[in-house]
Amino acid sequence: MRKMLVVIDRIELKYFEFNQLVTNFWMVKGLLDNGIETYITTIDNLSLKQGKGCAKCFKTYQKDDDIFYEKQFTDFVLEDFEKIFFRPDPPVDSDYINATYIFDFVDREKAQIINDAKAIRDFNEKLHVNLFREFMPENIVTASKEEIEEFLNIHNEIILKPLNNCFGSGVMYLKNGDKNTLSIIKTLTNNFKSICMVQKYIPQVQYGDKRVIILNGEVLDECVLKIPTKDDFKFNTHSDEYIKKAVLTESEKEKFTVVAQGLKKLGITMAGLDVVDEKILEINVTSPCFFIKEINERFSTHLEEKLNEFMIETHTKLNSVIL
């Protein structure tokens with residue numbers, strides 16, 4: 001029987017049950033539905049033994065249309081799996097980076113890794129959008145107070161982002177003349193020691209940003225608009241009230257297909273673009289949410305079927321490029 005592994009987040013292991021809001025749970029359920037022997041693990045269960053990447057893994061199973069896992073783990077060499085879906089959540093801290101190193105000792109001819117852990121390690125979700133600079137807002141990446149202030153003076157309104165967080169954590173809006181300017185810059189740069197992303201503010205973000213889904217080098221037609229909450233300038237809660245049906249324009253499809261193909265060459269086949277006014281704010285590659293439940297409801301479709309088809313297709317080697 002075919003065996004596959006999904007590396008999930010620790011909190012998802014703690015609260016493991018089918019939750020339609022969580023892409024990883026859709027993935028596990030889809031694999032089980034297709035008769036794949038499916039295991040889960042977390043980054044703290046990875047190890048290196050005799051030069052081989054290994055993991056303590058928990059076998060999953062279905063009962064009453066829900067998913068569960070056996071509490072007794074089994075030791076595996078990672079090459080025992082046909083495919084490994086590497087999807088722990090950020091922050092991309094030292095533990096996260098160290099976990100990606102384990103996969104340097106996995107033969108890609110034996111086990112396909114999605115997204116490739118090396119590609120994730122080499123690709124920052126904010127900074128590396130500059131690989132596709134023509135499709136993103138003007139930006140700088142810096143820890144310099146003077147450079148940020150100069151950028152603010154030029155653009156009047158800016159967004160500052162820490163490089164390794166997720167779900168909008170730590171992202172701040174700054175307008176020229178704000179009395180908190182120095183405080184915000186010091187906070188985001190850790191007193192001018194840590195580089196951060198500084199982007200030109202796009203006013204249309206007040207109406208929401210699109211989540212554009214990339215799968216295996218293609219841009220899916222279905223997408224959603226994530227609406228800011230009343231007390232924030234950005235989307236910050238996974239609630240139906242703030243998620244609307246969106247339309248992907250022909251222009252966006254053409255532009256973002258270039259991005260999808262570029263990402264595939266880097267070993268990234270699952271990604272989510274955050275888009276405003278046809279500009280990419282960031283490229284989510286660690287554990288991108290596909291908003292399957294919301295897309296299914298708003299488009300009367302079954303997005304998980306496309307995901308399932310991708311997950312169970314015959315093993316094909318991905319081309320990987322070092323950035």
Side-chain angles (χ1 to χ4, degrees), residues 1-47 53-78 80-93 95-96 98-100 102-103 106 111-115 117 120 165-167 169 213 215 237-240 243 270 272 284-297 302-312:
M1 179 179 286
R2 300 171 69 183
K3 291 200 297 290
M4 298 188 187
L5 173 67
V6 185
V7 184
I8 64 175
D9 205 58
R10 280 177 280 227
I11 196 166
E12 292 171 346
L13 181 67
K14 183 177 181 180
Y15 299 106
F16 193 81
E17 60 182 349
F18 183 60
N19 182 333
Q20 293 189 49
L21 300 180
V22 181
T23 301
N24 284 348
F25 294 159
W26 280 98
M27 293 175 66
V28 171
K29 189 174 187 302
L31 291 171
L32 291 171
D33 284 342
N34 283 278
I36 307 293
E37 191 173 326
T38 305
Y39 290 79
I40 54 173
T41 193
T42 55
I43 61 174
D44 51 304
N45 281 306
L46 298 172
S47 60
C54 301
K56 294 181 173 66
C57 304
F58 303 90
K59 188 175 183 179
T60 66
Y61 62 95
Q62 278 187 299
K63 182 179 179 182
D64 300 327
D65 207 33
D66 203 346
I67 56 174
F68 303 89
Y69 71 93
E70 297 175 357
K71 301 304 185 286
Q72 181 63 43
F73 66 81
T74 303
D75 285 309
F76 279 99
V77 174
L78 292 173
D80 291 339
F81 296 100
E82 176 184 330
K83 292 187 181 184
I84 301 167
F85 298 92
F86 186 73
R87 290 181 52 85
D89 287 339
V92 183
D93 54 15
D95 291 334
Y96 198 110
N98 289 338
T100 68
I102 298 296
F103 291 89
V106 177
Q112 185 179 10
I113 302 165
I114 305 169
N115 287 315
I120 290 177
N165 290 351
C166 63
F167 307 128
S169 175
I213 296 172
L215 189 62
T237 182
H238 200 131
S239 167
D240 276 0
I243 301 174
M270 296 183 70
N284 301 277
V285 302
T286 49
S287 56
C289 177
F290 277 9
F291 291 92
I292 295 173
K293 170 183 174 288
E294 293 81 5
I295 285 176
N296 285 349
E297 291 174 350
H302 294 283
L303 181 62
E304 71 276 10
E305 293 178 1
K306 293 182 181 179
L307 183 57
N308 292 347
E309 182 180 352
F310 164 72
M311 290 191 299
I312 66 174

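Because only heavy atoms are used, hydrogens play no part in the values below, and waters and symmetry mates are left out as well, while side chains stay in. Each residue takes its place number in the sequence, starting with 1.
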Within the 4.5 Å heavy-atom criterion, are [X] and [Y] side-chain neighbours or not?
X	Y	value
Thr23	Arg87	yes
Ile36	Lys3	no
Ile213	Ile295	yes
Asn296	Trp26	yes
Ile312	Leu31	yes
Phe18	Val28	no
Met27	Thr38	no
Leu78	Ile102	yes

Any donor-acceptor pair under 3.5 Å linking the side chain of [X] with the backbone of [Y]?
X	Y	answer
Asp64	Asp66	no
Thr41	Val7	no
Asp9	Asp89	yes

Residue pairs, two or more places apart or on separate chains, that pass salt bridge (charged side-chain N to carboxylate O under 4.0 Å, His left out) and touch residues 10-37: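 Counting only pairs at least two positions apart or across chains, the salt bridge (charged side-chain N to carboxylate O under 4.0 Å, His left out) contacts touching residues 10-37 are Arg10-Asp44, Lys29-Asp33, Lys29-Asp65.
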
Separation between [atom1] of [X] and [atom2] of [Y], rounded to the nearest 0.5 Å:
X	Y	atom1	atom2	answer
Ile113	Asn115	CD1	CG	10.5 Å
Leu32	Lys63	CG	NZ	15.0 Å
Leu215	Met270	CG	CE	6.0 Å
Glu304	Met311	CD	CE	9.5 Å
Asn24	Leu13	CG	CG	11.5 Å
Phe310	Phe85	CZ	CZ	6.0 Å

Excluding sequence neighbours, so at least two apart, what forms ring-ring contact (aromatic ring centres under 6.0 Å, His included) with Phe290? none

Looking only at heavy atoms, which two atoms of [X] and [Y] are closest? And how far apart?
X	Y	answer
Ile40	Thr60	CG2-CG2, 3.8 Å
Pro288	Gly272	CB-N, 3.6 Å
Tyr96	Pro88	OH-O, 3.1 Å

Residues passing the side chain to side chain donor-acceptor pair (under 3.5 Å) test with Asn308, sequence neighbours excluded, are none

List for me each residue that meets side chain to side chain donor-acceptor pair (under 3.5 Å) alongside Asn45, sequence neighbours excluded, and say none if there are none.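 Counting only residues at least two positions away or on another chain, Asn45 forms a side chain to side chain donor-acceptor pair (under 3.5 Å) with Thr42.
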
Going by the rule salt bridge (Lys or Arg N to Asp or Glu O under 4.0 Å), which residues pair with Lys293 if we only count those two or more places apart in sequence or in a different chain? Asp240, Glu297

Distance-only donor-acceptor pairs under 3.5 Å for side chains of residues 68-76, two or more places apart:
from	atom 1	to	atom 2	distance (Å)
Lys71	NZ	Tyr69	O	3.2

Kindly indicate, with the supporting measurements, whether the criterion side-chain contact (heavy atoms from CB on, under 4.5 Å) is fulfilled by Thr100 and Phe86. CA-CA 9 Å; Thr100 68; Phe86 186 73; 4.0 Å; yes

Evaluate whether atom CD of Glu309 has more than 12 neighbouring non-hydrogen atoms of other residues, nucleotides or ligands under 6.0 angstrom away. no

Cys54 and its side-chain contact (heavy atoms from CB on, under 4.5 Å) partner, picked from Val77, Val106, Asp80, Leu46: Val77

